[in-house]
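Input: a single structure, listed below in structure tokens.
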There are 2 protein chains.
Amino acid sequence: MLKAERHNYIKTKLAEQHRVSTIELALDLGISEDSIRRDLNKLHEKGALEKVYGGAIPITEKNKSVFDIVITNEDKKKKIGYKALSLLHDGQVIIMSGGTTNLVFSKLIPTMLKATIYTYSLPIAMQLSQYPNIDLIFIGGKMQKNAMVTIGIDVLQVLSKIKADICFMGVSSIDIKQGLTEEGYEVSVVKKAMIESSDKVIAMFTSDKLNTKKAHVVCDLSKLDTIVTDLDPEEIKLEEFKKSGVSII
Amino acid sequence: MLKAERHNYIKTKLAEQHRVSTIELALDLGISEDSIRRDLNKLHEKGALEKVYGGAIPITEKNKSVFDIVITNEDKKKKIGYKALSLLHDGQVIIMSGGTTNLVFSKLIPTMLKATIYTYSLPIAMQLSQYPNIDLIFIGGKMQKNAMVTIGIDVLQVLSKIKADICFMGVSSIDIKQGLTEEGYEVSVVKKAMIESSDKVIAMFTSDKLNTKKAHVVCDLSKLDTIVTDLDPEEIKLEEFKKSGVSII
DNA sequence: TCGAATAACGCAAAATAACGCATAATATTA
DNA sequence: TAATATTATGCGTTATTTTGCGTTATTCGA
């Protein structure tokens, strides 16, 4: 195993678990604690983490820029993004929800795409602002802090006046019976509004969201036109969804 | 096997597995490690991969993310920011314009400040979204690409309905006769609206903006309450401004 | 303050890379 | 086609990097 691989492993584990221990890492990777310590020191120097007695923790918020957005499962999300590209066409009016899956997707959009895109996510708006031929409209309102999206009545009002061709929706939880659900009430309301304003609804999510539920219902599966996941469309896990009439790519 | 073929093989394998090892490649391709190393060096020079001890990994895509905002004269802007902190109080309703000076200022705001802040700048909103006690409202509208701010009628409409205590305004150009001016018409209109909606107007700019003009007028000096620069308030360059009745810190 | 856990240090062995060079393979030219 | 220039390859050697271990220093919690 290359050193660079180890470094990636450590960074990923740290992002997921918010802490790593020297001993665990040595065991995980099958090398001596000394080497792990050397790795941690290197990563510390590079500012990728903060070393503490017994292991390491994520960098303290002081130096951590809000602009460094951690994307988990980036590979899977890229897979989803590439598949979703086939749904894009010049001239579309698009609504994009927040979430890192959509953020990754945004980075993959062809440079010259001509489209009008509405979004209420700060990171996605920043990303999309680099495309010369995209008319970008940010839907303002009260900011939901952690997710960096706007919510509330202002958002609903704007959405109610839009008629979009397609909406790309990041999904927190999806279940064959409950349909789409969200942790936060306000976000669930916004997503409902998105769906009402769009001719087509695309749900994008990594396979770990499958068959999970949260408190607030967004819609049932019948509202969805297409599901995009990192899995093969023929995968058994998706069988049930296919039966419900949603197209799966 | 041609060298070009080998290079392709390496690139493909790297794309698939996110790592290649020198030894493995030598085995795969049935040639000496030396040649593999030479290949890797070539590919490294061409920027196709990153060479590491024991093999190679994909190039780190740190290439100019939209989230890497370049801040010129950061030191001066910090100076300005620290001075401006004295104008902040709990409970204020604040409007913040865009610009890197305000972005730097945003980073310096005390963690626990209680306030309501309106902004129409994406980077500033992202920065402010980390403060737990700030009610943050993003003013939506059409995005001005390069500056990452919203502009247009929607912004004006929202601004017209706000009554803020104070507005922190980044300044493109300031001149004793012309007052504040902007390069873009639309931004100048938005700034006019900001001023109308605020009890107090704070102009913040680095000294290189002094005595410069742009095409579109925002307001004359009489509209300003306070000027914050990196200079000493007693500096001769600021003499004229002081005479016009603006307070300078 | 002590004892256990963890980290840092120095070092030698192992792994990997770079260098120089002779030779083989390939391309170029007459 | 033969002669020649150019490039690529493998090998022996020498540098560099990485690693694990023994030892010593530091940190942590009781």
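Below, read A as the first sequence line, B as the second, and so on, with proteins coming before strands; counting in each chain starts at 1. What's counted below: heavy atoms across the whole structure, side chains too, no hydrogens, waters or symmetry copies.
In the helix from dT1(C)-dA30(D) to dA30(C)-dT1(D), the end axes, each obtained as the rotation axis mapping the C1' atoms of four pairs onto the next four within a five-pair block, lie 40° apart to the nearest 10 degrees.
Close approach of DNA chain C to chain B, defined as any atom under 4.0 Å from a non-hydrogen atom of the protein, starts and stops at dA15(C) to dC19(C).
With the nearest nucleotide of DNA chain D identified for both Ile31(B) and Glu33(A), Ile31(B) has the one nearer the 5' end.
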Atom pairs, N/O to N/O, protein against nucleotides 23-29 of chain D, distance under 3.5 Å?
unit_1  : atom_1 : unit_2   : atom_2 : d
dT27(D) : O2     : Tyr53(A) : OH     : 2.9

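In terms of the salt bridge (charged side-chain N to carboxylate O under 4.0 Å, His left out) criterion, residue partners of Lys13(B) (sequence neighbours excluded) are, by chain and number, Glu24(B), Asp28(B). In this view, Phe138(A) and Phe138(B) satisfy the ring-ring contact (aromatic ring centres under 6.0 Å, His included) rule, not counting sequence neighbours. Tyr185(A) is linked by a ring-ring contact (aromatic ring centres under 6.0 Å, His included) to His216(A), counting only residues two or more places apart in sequence or in another chain.
The backbone N or O of Leu87(B) lies less than 3.5 Å from a partner atom in the side chain of Gln92(B), making a donor-acceptor pair. Side-chain atoms of Lys145(B) come within 3.5 Å of backbone atoms of Ile134(A) as a donor-acceptor pair (strictly under, hydrogens ignored). Counting only distance, with no hydrogens or angles, the side chain of Thr72(A) and the backbone of Glu16(A) share no donor-acceptor pair below 3.5 Å.
The minimum heavy-atom distance between Lys51(A) and His44(A), with the atom names listed, is N-ND1, 3.4 Å. Taking all atoms of both residues into account, the shortest heavy-atom contact from Asn133(A) to Leu113(A) is CB-O, 3.3 Å.
Applying the salt bridge (Lys or Arg N to Asp or Glu O under 4.0 Å) definition to pairs two or more places apart or across chains, those involving residues 227-239 of chain A are Glu234(A)-Lys242(A). For the salt bridge (Lys or Arg N to Asp or Glu O under 4.0 Å) condition, the pairs that include at least one residue of residues 172-184 of chain A, sequence neighbours left out, are Glu182(A)-Lys191(A). Residue pairs that meet the salt bridge (Lys or Arg N to Asp or Glu O under 4.0 Å) test with at least one member in residues 128-137 of chain B, sequence neighbours left out, are Lys142(A)-Asp135(B).
Looking at residues 35-43 of chain B, you'll see Ser35(B), Arg38(B) sit with a heavy atom under 4.0 Å from some atom of DNA chain D. Of the residues in residues 6-25 of chain A, Arg6(A) come within less than 4.0 Å of DNA chain D through at least one heavy atom, sorted by number.
A 6.0 Å sphere centred on NZ of Lys76(B) holds more than 12 heavy atoms belonging to other residues, nucleotides or ligands.
Residues Ile117(A) and Ile95(A) fail the side-chain proximity criterion, which asks for heavy atoms closer than 4.5 Å.
At the phosphate of dT18(D), OP1 or OP2 sits under 4.0 Å from a side-chain N or O atom of Lys3(A).
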Name every donor-acceptor pair, under 3.5 Å, that has one atom in a side chain of residues 96-110 of chain B and the other anywhere in the protein, sequence neighbours excluded.
unit_1    : atom_1 : unit_2    : atom_2 : d
Ser97(B)  : OG     : Asn102(B) : ND2    : 3.0
Ser97(B)  : OG     : Gly170(B) : N      : 2.9
Thr100(B) : OG1    : Lys77(B)  : NZ     : 2.8
Asn102(B) : ND2    : Ser97(B)  : O      : 3.2
Asn102(B) : ND2    : Phe168(B) : O      : 3.2
Ser106(B) : OG     : Asn102(B) : O      : 2.7

(request) Check the pair Asp39(B) / Leu25(B) against side chain to side chain contact (heavy atoms under 4.5 Å, CB included), numbers first and verdict last. (result) CA-CA 10 Å; Asp39(B) 288 344; Leu25(B) 285 173; over 6 Å; no
